[in-house]
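Data first, discussion second: the structure below is written as structure tokens.
When a residue number appears, it is its place in the shown sequence, counting from 1.
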Amino acid sequence: MTAWTPITTDLWTWEPWLKLEHDSTDVVGRCTRLFWLGLYTSYEAKRILPGLFTGTISTMAEAARMGADDSVRYLDRLLEHELVEYDRDVRVLRLTKLPSFADAVGCNGKVIRGWWTQFKKIPNCAVRDAHVATLSWMLEGWANDRGKPLT
């Protein structure tokens, strides 16, 4: 996995991310955006698969460089907006939506096989399995954008 995250300008107009902050006085919403961004761009999130994160709330708080109590509040907001799913029992979090398919840039057979290898290391759970649709969306979007639809 790479140590960087391709963040496109789509993030700044991405409706699900914008809706986290209700108005200019919504500090929790603003911090929730930063928490989501911290999860999305953290090493922990890139260690396995784009958009999947393994660990406790404390791990998430450390990755986003935020306090544990605040992180619980921000995680609750993300769950409320259906931007994440989290299985507390096996400690698997998935970002249910992404602002773009930029994480698929440069994908080839070797990368996809690597994703599969990493996928099998994640504890078996519905949250992990639901992420297959996100990975498929990323690959299809990337391929279609380049005029090479997957068939």
Side-chain angles (χ1 to χ4, degrees), residues 1-12 14-20 31-151:
M1 269 300 133
T2 60
W4 60 278
T5 301
I7 299 175
T8 67
T9 57
D10 295 338
L11 178 64
W12 303 103
W14 187 48
E15 203 59 37
W17 197 67
L18 294 174
K19 286 183 179 179
L20 288 172
C31 291
T32 301
R33 282 187 190 179
L34 292 174
F35 182 70
W36 181 91
L37 194 58
L39 295 178
Y40 179 52
T41 61
S42 70
Y43 169 77
E44 291 81 1
K46 296 300 167 186
R47 188 171 53 84
I48 300 175
L49 287 169
L52 272 184
F53 188 102
T54 59
T56 63
I57 301 224
S58 295
T59 309
M60 292 177 221
E62 288 175 19
R65 306 294 193 264
M66 296 184 167
D69 292 338
D70 289 333
S71 293
V72 169
R73 187 175 319 129
Y74 308 146
L75 179 61
D76 286 343
R77 175 85 56 109
L78 290 173
L79 288 164
E80 185 182 305
H81 284 260
E82 299 179 350
L83 282 174
V84 299
E85 292 177 346
Y86 184 53
D87 185 324
R88 283 179 165 78
D89 294 334
V90 293
R91 301 174 178 160
V92 174
L93 177 127
R94 80 180 273 264
L95 302 175
T96 59
K97 301 171 188 155
L98 300 174
S100 73
F101 47 79
D103 275 301
V105 170
C107 271
N108 56 41
K110 185 176 179 179
V111 170
I112 294 168
R113 283 189 297 279
W115 283 0
W116 176 243
T117 299
Q118 295 299 341
F119 182 84
K120 293 186 296 186
K121 294 178 184 178
I122 300 167
N124 187 9
C125 65
V127 170
R128 177 201 74 171
D129 294 348
H131 202 60
V132 170
T134 302
L135 295 173
S136 177
W137 169 81
M138 281 193 315
L139 292 172
E140 287 178 20
W142 178 79
N144 288 336
D145 191 52
R146 281 147 186 79
K148 301 176 182 179
L150 301 176
T151 55

Open item on the list: Does this structure show an ion pair linking Asp76 with Arg73, if we count only N-O contacts that are shorter than 4.0 Å?
Closed with: no

Task: Backbone of Glu82 reached by a side-chain donor or acceptor of Thr96 within 3.5 Å - done: yes

- [ ] Quick one: closest heavy-atom pair of Pro123 and Arg128, and the distance?
- [x] O-CD, 3.7 Å

Open item on the list: Can you give me the closest heavy-atom contact between Leu75 and Phe35, atom names plus distance?
Closed with: N-CE2, 3.9 Å

- [ ] Show your reasoning for whether side chain to side chain contact (heavy atoms under 4.5 Å, CB included) applies to Ile122 and Leu49.
- [x] CA-CA 10 Å; Ile122 300 167; Leu49 287 169; 4.1 Å; yes

Task: Side-chain (His131) to main-chain (Pro50) donor-acceptor, under 3.5 angstrom - done: yes

Open item on the list: Quick one, Leu11 and Tyr40 - any side-chain contact, counting heavy atoms below 4.5 Å?
Closed with: no

Open item on the list: Within the 4.5 Å heavy-atom criterion, are His81 and Thr32 side-chain neighbours or not?
Closed with: no

Task: Candidate pair Arg47 and Thr54, rule side chain to side chain contact (heavy atoms under 4.5 Å, CB included), full reasoning - done: CA-CA 9 Å; Arg47 188 171 53 84; Thr54 59; 2.8 Å; yes

Open item on the list: Is it the case that the side chain of Thr59 and the backbone of Thr56 share a donor-acceptor pair, with hydrogens and angles ignored and the cut-off at 3.5 Å?
Closed with: yes

Open item on the list: Using every non-hydrogen atom in the two residues, find where Ser71 and Ala61 come nearest and quote the distance to one decimal.
Closed with: OG-CB, 3.2 Å

Task: Pair Arg94-Tyr86, side chain to side chain contact (heavy atoms under 4.5 Å, CB included): steps then yes or no - done: CA-CA 7 Å; Arg94 80 180 273 264; Tyr86 184 53; over 6 Å; no

Task: Sub-4.5 Å side-chain heavy-atom contact between Ile7 and Leu37 - done: yes

Open item on the list: To the closest 0.5 Å, what do you measure between CG (Asn144) and CG (Leu139)?
Closed with: 10.5 Å

Open item on the list: Parallel, tilted or perpendicular, judged at 30° and 60°: which one describes the rings of Trp14 and Trp36?
Closed with: tilted

TODO: Please check if the side chain of Arg33 supplies one atom and the backbone of Leu20 the other of a donor-acceptor pair under 3.5 Å.
DONE: no

TODO: Anything under 30° is parallel, anything over 60° is perpendicular, the rest tilted; go ahead and classify Trp137 against Phe101.
DONE: perpendicular

- [ ] Please round to the nearest 0.5 Å and tell me the distance separating atom CG of Leu135 and atom CG of Leu98.
- [x] 9.0 Å

Task: Where Val84 and Leu79 come nearest, the two heavy atoms and their spacing - done: O-CD2, 3.5 Å

Open item on the list: A side-chain contact here means heavy atoms from C-beta on lying under 4.5 Å apart; do Trp17 and Pro99 qualify?
Closed with: no

Open item on the list: Under a 3.5 Å distance rule, please check whether Thr134 uses its side chain to pair with a backbone N or O of Ala130 as donor and acceptor.
Closed with: no

Task: Rounded distance (nearest 0.5 Å) linking atom CZ of Arg77 with atom SG of Cys31 - done: 10.0 Å

Task: From CE (Met60) to CZ (Arg91), nearest 0.5 Å - done: 10.0 Å

- [ ] Given side chain to side chain contact (heavy atoms under 4.5 Å, CB included), test Leu83 with Leu95 step by step and report yes or no.
- [x] CA-CA 6 Å; Leu83 282 174; Leu95 302 175; over 6 Å; no

